[in-house]
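Each remark here refers to the structure printed beneath this line.
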Amino acid sequence: MTRENRSLYERELDDLFRRRKTVFVDELGWHLSVTADGREIDEYDDDQAIYGIGFDNAGRVTMSGRYRPTADRSMLVDVFPEALAEGPDGLNGPDVWEFSRGFCLETGGRDHNRRRRAMLMLTPLEVALARGIKSYVAFSEVRLLPLFISMGWRVQLLGDPVSYGEGEGIGYRVEVSEEAVREMRESYGLPAPAHIHLLPDPSDTRSVHERAREIAERNPAYARMMPQPDDRPYVAHNGTRPIDEAVLRRRAVAWTRQNQYAAG
């Protein structure tokens, strides 16, 4: 979703912000601003923000990520400068975007579920590549980095883990290139592009979900990524886990350092 087609997604965008509140505030315990009507929105949700969004069979948001240019600012540099071992130089600029507020509630283990999760990871690379962007910067919980790398992101760490209050996060850069995009598409059998981008059409009064299903019916590659009526629903949980999270974080950082992408 971009500023050009935001009008098509008013209901879905409202659902997205409510889902973010459920995931980041209610479940993870992050101390974020929440509107009086229960939406998690911050200053980076402006008209420059682009959203990759996935839906379940009923049209509810199940996954999303936010992509935003950094020419004016970025959360990584503004909020987490202590995560940057060599400082902020070169991290904000015309050919760098930031990935943030990513989550995935897709729980199934069938082929279409795996393709949909891969689509969530590939879409930001596709969208950025089409606009001449060279890399993303991001700050994420350290335990997520092994997953991102295993799914195909070319990650380079920008420093050591730092506390963000509710856990430990780490700054990193993700390469955007034709080779990186091609490898992910081939690995998961995804179409080109993996995402569907709809534009306003005054003559078409159907919902975005109806329009997307019509596209999928005409293209088997997209049909293989569509949600199914019997997909397992996501079950919310609280933040209590009977595990040693410090150990998991140390292992995740060690694995990431060993497996991060070495450019060139």
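For the numbers below, each heavy atom of this structure counts, side chains included, while hydrogens, waters and symmetry mates do not. If you're wondering where the values come from, they're calculated on a predicted model, not measured in any experiment.
- Annotation for Pro146 and Val142: closest pair CD-O, 3.6 Å, computed over non-hydrogen atoms.
- The two residues Val176 and Leu125 have their closest heavy-atom pair at CG1-O, 3.8 Å.
- For the pair Arg39 (side chain) and Phe17 (backbone), a donor-acceptor distance under 3.5 Å is absent.
- The ring of Trp30 has its center closer than 6.0 angstrom to the ring center of Phe24.
- How far CG of Leu13 is from CG of Asp45: 8.0 Å, rounded to the nearest 0.5 Å.
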List the atom pairs, with distances to 0.1 Å, where a side-chain N or O of residues 71-84 and a protein N or O form a donor-acceptor pair under 3.5 Å, not counting sequence neighbours.
| unit_1 | atom_1 | unit_2 | atom_2 | d |
| --- | --- | --- | --- | --- |
| Asp72 | OD1 | Arg68 | NH1 | 3.0 |
| Asp72 | OD2 | Gln48 | NE2 | 3.3 |
| Asp72 | OD2 | Arg68 | NH2 | 2.9 |
| Arg73 | NH2 | Glu43 | O | 2.9 |
| Arg73 | NH2 | Asp46 | OD2 | 3.1 |
| Ser74 | OG | Val77 | N | 3.3 |
| Ser74 | OG | Asn92 | OD1 | 2.8 |
| Asp78 | OD2 | Tyr44 | OH | 2.9 |

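- Taking CG of Leu198 as the start and CZ of Arg211 as the end, the distance is 4.5 Å to the nearest 0.5 Å.
- In this structure, Arg213 does not pair ionically with Glu217, as no charged nitrogen and carboxylate oxygen lie closer than 4.0 Å.
- Contact check on Arg116 versus Asp231 returns no salt bridge, with no Lys/Arg side-chain nitrogen under 4.0 Å from an Asp/Glu carboxylate oxygen.
- The distance from the CZ atom of Arg66 to the CE atom of Met1 is 11.0 Å, given to the nearest 0.5 Å.
- In this structure, the side chain of Arg117 does not engage the main chain of Cys104 through any donor-acceptor pair within 3.5 Å.
- Taking both residues in full, the closest heavy atoms of Arg6 and Ala49 are given as NH2-O, 4.0 Å, listed atom of the first, atom of the second, then distance.
- A donor-acceptor contact shorter than 3.5 Å is absent between the side chain of Arg115 and the backbone of Met225.
- In this structure, the side chains of Phe103 and Val61 come closer than 4.5 Å at one or more pairs of heavy atoms.
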Which is it for Tyr9 and Tyr51 under the side-chain contact (heavy atoms from CB on, under 4.5 Å) test, yes or no, and what are the steps along the way?
CA-CA 11 Å; Tyr9 290 89; Tyr51 303 91; over 6 Å; no
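- Checked for salt-bridge contact, Asp14 and Arg18 meet the test: a charged N lies under 4.0 Å from a carboxylate O.
- In the hydrophobic cluster analysis, where Ile, Leu, Val, Met, Phe, Trp and Tyr join through side-chain heavy atoms closer than 4.5 angstrom, Leu28 is grouped together with Val34.
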CA sep, side-chain torsions, deciding dist, call: Tyr188, Met119, side-chain contact (heavy atoms from CB on, under 4.5 Å)
CA-CA 9 Å; Tyr188 293 94; Met119 176 268 297; over 6 Å; no
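- Here the shortest heavy-atom pairing between Ala194 and Leu122 reads CB-CD2, 3.8 Å.
- Applying the salt bridge (Lys or Arg N to Asp or Glu O under 4.0 Å) test between Lys21 and each of Asp15, Asp42, Asp26 identifies Asp26 as the sole match.
- Residues Ile170 and Leu157 have side chains in contact (heavy-atom distance under 4.5 Å, counting atoms from C-beta outward).
- We find the OG1-CG distance between Thr256 and Leu144 to be 9.5 Å, quoted to the nearest 0.5 Å.
- Put simply, the side chain of Val23 reaches to within 4.5 Å of the side chain of Leu105, judged on heavy atoms.
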Derivation of the side chain to side chain donor-acceptor pair (under 3.5 Å) call for Glu98 and Ser100
CA-CA 6 Å; Glu98 181 170 50; Ser100 60; 5.0 Å; no
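- Of the possible polar contacts, none joining the Asn219 side chain to the Ile215 backbone as a donor-acceptor pair under 3.5 Å is found.
- Not one N or O on the side chain of Gln260 forms a donor-acceptor pair closer than 3.5 Å with the backbone of Gln258.
- A distance-only check finds a donor-acceptor pair linking the side chain of Tyr136 to the backbone of Pro124 [under 3.5 Å].
- Of the inter-residue distances, the one linking Ser177 atom OG with Arg154 atom CZ reads 4.5 Å to the nearest 0.5 angstrom.
- Summarising the geometry of Arg11 relative to Gly59, their closest heavy-atom pair is NH2-O, 3.7 Å, with the distance given to 0.1 Å.
- To the nearest 0.5 Å, atoms CG (Asp56) and CE (Met63) are separated by 9.5 Å.
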Carefully, step by step, assess Phe99 and Val174 under the rule side-chain contact (heavy atoms from CB on, under 4.5 Å).
CA-CA 9 Å; Phe99 182 88; Val174 180; over 6 Å; no
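- With contacts defined as side-chain heavy-atom distances shorter than 4.5 Å, the pair Glu166/His31 qualifies.
- Taking the side chain as every heavy atom from C-beta outward, Trp255 and Ile149 approach each other to under 4.5 Å.
- Of the possible polar contacts, one joining the Arg20 side chain to the Glu40 backbone as a donor-acceptor pair under 3.5 Å is found.
- When side chains are defined from C-beta on, Leu91 counts as touching Arg173, because their heavy atoms get closer than 4.5 Å.
- Within the structure, salt bridge (charged side-chain N to carboxylate O under 4.0 Å, His left out) contacts touching residues 122-137 (residues at least two apart or in different chains) are Glu126-Arg185.
- Enclosure of atom CZ in Arg206 by more than 12 non-hydrogen atoms of other residues, nucleotides or ligands within 6.0 angstrom is indicated.
- Side-chain contact between Trp153 and Met184 is present, with at least one heavy-atom pair separated by less than 4.5 Å.
- For residues 197-228, the pairs satisfying ring-ring contact (aromatic ring centres under 6.0 Å, His included) are Phe55-His209, with sequence neighbours left out.
- Glu178 and Arg182 are not joined by a salt bridge, as no carboxylate oxygen comes within less than 4.0 angstrom of a charged side-chain nitrogen.
- Minimum heavy-atom separation, Pro161 to Val253: CG-CG2, 3.5 Å.
- Ion pairing between Asp111 and Arg224 fails under the 4.0 Å rule for side-chain N and carboxylate O.
- Salt-bridge formation is not detected for the pair Glu168/Arg249: no Lys NZ or Arg NE/NH1/NH2 atom is positioned less than 4.0 Å from an Asp or Glu carboxylate oxygen.
- Residues Tyr172 and Phe148 have side chains in contact (heavy-atom distance under 4.5 Å, counting atoms from C-beta outward).
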